[in-house]
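Shown next, in structure tokens, is the structure this report addresses.
Atom set for the values below is all heavy atoms of this structure, side chains included, hydrogens, waters and symmetry mates excluded. Here is how names work: the chains are called A, B, and so on, in the same order as the sequence lines, proteins then strands, and each is numbered from 1.
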Protein chains: 2
Amino acid sequence: MKPAHIAETEDCRQISQMLSRVGDKWSMLVVTYLGEEGMRFSELRRGIGNISQKMLTTSLRNLERDGFVKRTVLPTSPPRVDYELTDLGRELLVPVAGLADWTRENVHRIETARKEYDLLHKP
Amino acid sequence: MKPAHIAETEDCRQISQMLSRVGDKWSMLVVTYLGEEGMRFSELRRGIGNISQKMLTTSLRNLERDGFVKRTVLPTSPPRVDYELTDLGRELLVPVAGLADWTRENVHRIETARKEYDLLHKP
DNA sequence: CCGTATCCCCGCAGATACTG
DNA sequence: CAGTATCTGCGGGGATACGG
């Protein structure tokens, strides 16, 4: 009812969506590959290595729709399609890198916690 | 083969895991609820509102295993179980908040991109 | 009150084959 | 080369019932 409350839940929805996009299997991998330089579809596919054509297409579409990736079709034959990050995409990389850095710095603590937990609960 | 390369892919695995944990449906919601103060299971359940008992349990177990959440069983009758963030959990909240803030600041750009995309591709 | 076990449904993701 | 279409399996996650 209260505007503040509505705004809060709205924000939560958006942030939740964002976390999902960031957390899904391929999106951030694609984005980091594109971070280095624009690439065509097949370069990206080979670079990532394990991704199916379908999932790469889907990921790129989602990222394009959200404005993180720009798609350019070169009218050559055979067709050539280039992908690159937009400004928004590059900016997104900043907070994501923050999370990545934090993870790198704290993997040990996490793994230690896991070992301890497993030690107490698995046997 | 090269140590650097191995480290890189290892890091990627870890970071990818972290992004998944952060991006999964309930984890961060639980963590932000706990951020405010320790809570017992049922409070958490009611607070979040839409989560099933199963998923709340699962989320809490995962978070506990990774060392983000501490679980305390009070030997009363009926039993009472309290959850609270660990130091690690609270620290995690920092980079996550960074991403959340970035999202809040850029929702309009994302939604604008979506509308434009849908306008061009849906009809 | 808290947790586990069981069942079941739905959507994601891989494989494959086909079009522009 | 890039993308779509179709099929299928597998696992996440909800509902329910029961145990400690």
Practice problem: Establish, with yes or no, whether the OP1 or OP2 oxygen of D:dA2 is under 4.0 angstrom from a side-chain nitrogen or oxygen of A:Ser42. | Solution: yes
Exercise. Using only side-chain N and O atoms of A:Arg40, determine if any of them is under 4.0 Å from OP1 or OP2 of D:dA2.
Key: yes
Quiz item: C:dC2 C1' sits how many Å from B:Arg46 CZ, rounded?
Solution: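 Going from CZ in B:Arg46 over to C1' in C:dC2 covers 13 Å.
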Quiz item: Roughly, in whole Å, what's the span from CG in A:Asp82 to P in D:dA2?
Solution: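 After rounding, the reported distance stands at 9 Å.
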Practice problem: Can you measure from OG1 (A:Thr86) to NZ (A:Lys70) and round to the nearest 0.5 angstrom? | Solution: 10.0 Å
Quiz item: Taking atom types as modelled, is there a side-chain donor on B:Arg109 or B:Asn106 under 3.5 Å from an acceptor on the other?
Solution: yes
Without placing hydrogens or testing angles, list every side-chain donor-acceptor pair under 3.5 Å for residues 72-81 of chain A, not counting sequence neighbours.
residue, atom, partner, partner atom, Å
A:Thr76, OG1, A:Pro78, O, 3.0
A:Arg80, NE, A:Asp82, OD2, 3.4

Quiz item: Who are the ring-ring contact (aromatic ring centres under 6.0 Å, His included) partners of B:Tyr33, not counting sequence neighbours?
Solution: none
Exercise. Can you sort out which residues in residues 59-77 of chain B have a heavy atom within less than 4.0 Å of DNA chain C? Ascending by number, please.
Key: B:Arg61, B:Arg71
Exercise. State which residues pass side-chain hydrogen bond (donor to acceptor under 3.5 Å, both in side chains) with A:Ser59; sequence neighbours excluded, sorted by chain then number.
Key: none
Self-check item: Inter-end axis angle, the helix from C:dC1-D:dG20 to C:dG20-D:dC1, with every axis fitted to five base pairs (rounded, 10 degrees)
Solution: 40°
Quiz item: Could you write nucleotides 5-20 of chain C as a row of B, S and -, 5' to 3', where a protein heavy atom under 4.0 Å of any base atom gives B, of only sugar-phosphate atoms gives S, and otherwise -?
Solution: -B------BBB----B
